[in-house]
**Q** 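Here it is, the structure in full.
Lettering of chains follows the sequences in order, A, B, ..., and the numbering in each one begins at 1. The figures that follow rest on heavy atoms only: side chains count, while hydrogens, waters and symmetry mates do not.
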There are 2 protein chains.
Amino acid sequence: MTKDILDRFAAIVGAKNALRSADDAAPYLVEPRGLYHDKTPMVLKPGSVEEVSQILRLATETGTAIVPQAGNTGHVGGQVPLQGTQNQIILSVSRLNKIRAVDPTGNTMTVEAGCVLEDVHKAASEVQRMFPLSLGSQGSCEIGGNLSTNAGGTAVLAYGNTRQLCLGLEAVLPTGEIWNGLRRLKKDNTGYDLRDLFIGAEGTLGVITAAVLKLFPVPEGHQVAIAGLDSPETALKVLKLAERHCGGALTGFELMPRIGVEFTVAHIPGNRDPLTGKYPWYVLIDISSGQSQDAADAMMQAVLEDALSGGLIGDAVIAQSDTQRAEFWRLRETMSESQKHEGASIKHDVSVPVAEIPHFMARADAAVRAAMPDARLFAFGHMGDGNIHYNISQPEGADPEAYLARRFEINALVYDIALELGGSISAEHGIGQMKRDRLAAIREPIEIDLMRRIKAAFDPAGIMNPGKVVALPD
Amino acid sequence: MTKDILDRFAAIVGAKNALRSADDAAPYLVEPRGLYHDKTPMVLKPGSVEEVSQILRLATETGTAIVPQAGNTGHVGGQVPLQGTQNQIILSVSRLNKIRAVDPTGNTMTVEAGCVLEDVHKAASEVQRMFPLSLGSQGSCEIGGNLSTNAGGTAVLAYGNTRQLCLGLEAVLPTGEIWNGLRRLKKDNTGYDLRDLFIGAEGTLGVITAAVLKLFPVPEGHQVAIAGLDSPETALKVLKLAERHCGGALTGFELMPRIGVEFTVAHIPGNRDPLTGKYPWYVLIDISSGQSQDAADAMMQAVLEDALSGGLIGDAVIAQSDTQRAEFWRLRETMSESQKHEGASIKHDVSVPVAEIPHFMARADAAVRAAMPDARLFAFGHMGDGNIHYNISQPEGADPEAYLARRFEINALVYDIALELGGSISAEHGIGQMKRDRLAAIREPIEIDLMRRIKAAFDPAGIMNPGKVVALPD
């Protein structure tokens with residue numbers, strides 16, 4: 001890329017928002033899993049939608065690849081340059097971080113793509129509302145990234161993915177044209193669903209610059225419990241029992257293995273073993289009531305009593321305060337982090353139909369044990385959504401690099417089982433650069449072909465995040 | 001169209017499923033509002049997905065226009081041939097009416113496009129589950145049409161539109177290729193959202209042949225009440241109060257005018273004036289509890305007590321039985337039908353942000369009164385979703401044709417006000433042939449352009465329901 005072209009890009013945002021040195025660019029290149037290590041000629045930080053538009057217009061004119069980035073917390077390399085390239089410019093939306101409007105009567109909020117998720121939570125809570133999207137990375141992830149990856153998280157069971165939490169979008173096309181789809185409507189059947197096409201497209205069709213989010217009333221009551229039990233099969237029974245008792249009031253149902261509790265208690269200061277005995281598996285049950293704390297407590301009591309009297313759970317503890325509710329969730333949310341202290345991990349973000357979780361776990365465990373007898377199975381996740389983070393920690397004392405060298409072999413085993421059960425190879429993290437070729441290999445040609453036709457219709461020049469999700473048609 | 005081509009189409013489905021006479025085709029051509037009167041050379045009734053595929057392949061080969069049709073209950077002429085054409089073949093999916101699978105543990109059901117909505121309800125209820133989509137036409141509308149129009153109805157407030165109730169799709173492309181996207185997953189972030197593109201595309205991108213629907217637990221408790229009040233503004237206050245008390249347990253909130261109650265009591269046998277006094281406006285409040293009938297009753301009591309003591313409502317009645325709950329809903333659901341007994345109607349299916357409903361009503365009423373002082377305002381609808389069926393009955397004794405002749409002038413008044421308030425010209429009925437040109441006129445060119453590019457990417461030959469939603473690129 002010539003200096004002249006870079007200067008033209010820099011002129012759009014001003015020199016101090018066009019980062020050219022390796023040091024300045026480093027925070028935008030290092031991603032959470034440390035798997036991708038590429039260079040970029042420049043990081044652009046536009047301060048307005050108009051600047052985003054100018055950048056993309058110039059990119060189309062000059063054939064420059066643009067990698068949109070929000071909070072840089074993605075797990076599949078979607079937000080960093082494609083491995084092996086050195087000529088992709090990063091467009092950070094972080095400076096577009098205004099909350100443009102809050103409408104508590106209509107239960108909507110209009111935010112820019114660079115708003116940090118936690119700031120969105122705060123702005124909602126200032127008007128006694130809630131934005132339910134909840135992720136481990138919420139202190140740094142930004143809403144544009146949440147939208148572009150259709151982020152999941154711990155509140156999907158009751159509130160859906162990010163796609164279900166968005167009413168309208170503003171996006172800039174590769175040509176620089178601005179699409180104003182910032183509608184605040186719950187019902188609007190006027191043509192093709194452009195909104196849901198941009199959501200989850202991982203920045204390959206355009207740059208999301210703002211969105212209208214749905215707000216919800218803050219529940220009057222909230223309760224969390226952890227129960228110990230013997231198997232994923234029993235956990236499924238407890239889930240069905242909790243659904244019967246709670247209906248839409250069941251706002252979380254997470255599965256955790258004993259090893260997960262042990263790692264997180266050992267490595268994350270402040271975490272405690274939740275029950276006096278040890279159980280092979282644990283479930284975290286989260287219940288919200290629109291009525292009262294008493295109602296939430298009563299539901300939790302009923303679920304646990306039925307589960308105890310039915311012999312499904314061995315023991316359970318109900319949180320006694322907001323602090324304890326947060327502690328229980330922290331146990332679950334630090335599980336992934338705790339793995340880092342035990343060496344390398346091979347990870348899978350898979351989903352299967354909820355009823356298939358026990359089969360999936362049994363088959364995946366058997367396959368992985370046969371391949372790697374000493375590896376430590378560490379599956380946990382959003383059981384209520386059928387979404388398991390099927391992680392595997394390296395054998396104690398093993399060489400991390402030798403262990404990781406086998407990851408593609410193990411991936412294939414686990415993905416094949418998920419697919420045979422009607423599952424997905426990416427429940428919530430997306431495709432990015434990590435799973436693009438795998439996606440193309442497992443899907444019927446017509447599906448990949450349709451995606452490529454959409455890509456060509458939106459981005460014929462192929463400047464938007466090239467190499468991610470799907471390739472342009474040949 | 002030559003006899004030879006028609007014979008080739010007929011050979012795919014067999015003579016008795018290829019209707020050629022005007023009499024046989026009539027039920028497929030007459031649509032509910034009686035606005036479109038076209039001919040068709042043939043109605044095809046395929047009995048399998050493979051036959052649908054063969055039909056579309058032949059249509060592409062011969063350049064034959066295909067109009068997909070399910071229950072033929074649409075309000076915007078999407079499911080009947082384009083006005084003025086005589087060469088569009090209707091493809092009825094009604095014979096594809098198998099329920100392929102029911103999974104109560106995973107809360108999913110796989111159904112074919114021709115399943116009548118009421119039969120889907122019954123199949124869900126046989127496994128103690130609920131499919132919440134609920135429409136006045138549920139005895140005859142079919143799920144393929146519900147999906148193709150992203151149908152709304154009375155349960156959107158808590159459960160969302162049809163789009164939110166669908167996990168996976170099977171669809172046939174114009175080329176005859178079959179896309180198997182029948183996934184049963186709650187979370188699956190693997191590429192562009194093809195599902196939500198087919199949903200709401202009104203048969204212009206392909207033919208939906210089957211779908212995986214979400215099921216829900218049947219609520220343990222259900223209560224319905226009707227309250228009388230003075231204005232849409234007050235109704236909005238009652239809505240917010242009900243949301244505060246109920247959260248996600250508020251499963252319906254409908255607005256009805258006095259004239260609506262009068263029409264439906266006068267013309268629909270069995271309907272009764274719900275309250276002893278007369279009120280300018282009424283709201284129907286529907287509450288569901290996952291816990292118990294007592295809990296639903298208690299919530300309803302609390303809402304109505306607060307509304308009464310706050311001076312928001314003048315009187316209210318709570319249903320005393322399932323029969324009465326059904327009666328209350330029937331009052332609301334027969335409102336549109338009751339209008340037919342009072343002459344011609346000019347209708348609008350608009351939505352605005354919920355908080356704007358009072359402004360919309362005040363402004364639209366003033367505009368229509370100024371234009372047609374004697375017309376009878378008859379606005380009712382899904383207030384909780386911001387969706388008002390802003391209907392206007394003709395003046396008593398006026399000439400229906402002269403009245404209807406002014407409908408485009410009145411449409412423009414009402415739509416302009418909805419649009420100024422950030423609203424939609426079609427909240428739940430879609431675009432079809434009725435609103436295609438209007439949509440093109442009101443949306444920014446980039447949005448129409450993107451839709452046309454998608455149309456071209458999926459249906460370059462333009463055989464799928466041509467003339468509906470958007471035109472192909474020039």
**Q** What's the spacing between Ile454(A) CD1 and Ile454(B) CD1 if we round to 0.5 Å?
**A**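 Between atom CD1 of Ile454(A) and atom CD1 of Ile454(B) there are 6.5 Å.
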**Q** Would you mind checking which part of Glu177(A) comes under 4.5 Å of any heavy atom in chain B, side chain (CB onward), backbone (N, CA, C, O), both or neither?
**A** side chain
**Q** Got a sec, which residues hit ring-ring contact (aromatic ring centres under 6.0 Å, His included) with Tyr192(A), two or more places apart in sequence or on another chain?
**A**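 Here no residue qualifies.
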**Q** Of the backbone (N, CA, C, O) and the side chain (C-beta and beyond), which part of Glu356(A) lies under 4.5 Å from a heavy atom of chain B, both, or neither?
**A** side chain
**Q** Can you tell me how far CD of Gln291(A) sits from CE of Met299(B), rounded to the nearest 0.5 angstrom?
**A** 4.0 Å
**Q** Can you tell me how far CZ of Arg163(A) sits from NZ of Lys187(B), rounded to the nearest 0.5 angstrom?
**A**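 The distance works out to 13.0 Å.
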**Q** In Å, rounded to the nearest 0.5 Å, how long is the span from CG of Leu197(B) to CG of Leu194(A)?
**A**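 Going from the CG atom of Leu197(B) to the CG atom of Leu194(A) covers 8.0 Å.
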**Q** In terms of heavy-atom pairs under 4.5 Å, which option from Val469(B), Asp349(B), Leu205(B) contacts chain A the most?
**A** Leu205(B)
**Q** Need one label for Thr149(A): side chain, backbone, both or neither, based on atoms under 4.5 Å from any heavy atom in chain B.
**A**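 Only the backbone of Thr149(A) comes within 4.5 Å of chain B.
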**Q** Report which part of Arg438(A) has an atom under 4.5 Å of a heavy atom belonging to chain B: side chain, backbone, both, or neither.
**A**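 Looking at Arg438(A), nothing touches chain B.
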**Q** Could you check which of Asp196(B), Ile425(B), Thr190(B), Leu439(B) has the highest count of heavy-atom pairs closer than 4.5 Å to chain A?
**A** Thr190(B)
**Q** Got a sec, which pairs hit ring-ring contact (aromatic ring centres under 6.0 Å, His included) with one end in residues 158-183 of chain B, sequence neighbours left out?
**A** Tyr159(B)-Phe216(B), Trp179(B)-Phe198(B)
**Q** Working to the nearest 0.5 angstrom, can you tell me the gap between Ser424(A) OG and Arg184(B) CZ?
**A**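 One finds 13.5 Å between OG of Ser424(A) and CZ of Arg184(B).
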**Q** Please classify the contact between Asn150(A) and chain B as side chain, backbone, both or neither, with a heavy-atom cut-off of under 4.5 Å.
**A**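 For Asn150(A), backbone and side chain are both near chain B.
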**Q** Please determine whether a side-chain nitrogen of the Lys or Arg among Arg195(A) and Glu447(B) lies less than 4.0 Å from a carboxylate oxygen of the Asp or Glu.
**A**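 A salt bridge is absent here (no side-chain N lies under 4.0 Å from a carboxylate O).
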**Q** How would you list, by chain and number, every residue that makes a side chain to side chain donor-acceptor pair (under 3.5 Å) with Thr108(A), sequence neighbours excluded?
**A** none
**Q** Give me the contact list for residues 236-243 of chain A versus chain B, heavy atoms only, anything under 4.5 Å, ordered by residue number.
**A** Leu236(A), Lys240(A), Glu243(A)
**Q** Which residue out of Asp449(B), Val218(B), Asn180(B), Thr105(B) racks up the most heavy-atom pairs below 4.5 Å with chain A?
**A** Thr105(B)
**Q** Can you tell if the side chain of Gln164(B) reaches within under 4.5 Å of the side chain of Gln164(A), non-hydrogen atoms only?
**A** yes
**Q** Among Ala201(B), Pro353(B), Gly160(B), which residue forms the greatest number of heavy-atom pairs with chain A at distances under 4.5 Å?
**A** Pro353(B)
**Q** Who among Ala151(B), Pro104(B), Ala427(B) has the most heavy-atom pairs with chain A under 4.5 Å?
**A** Ala427(B)
**Q** Atom NE2 of residue position His359(A) - does it have more than 12 heavy atoms of other residues, nucleotides or ligands inside 6.0 Å?
**A** no
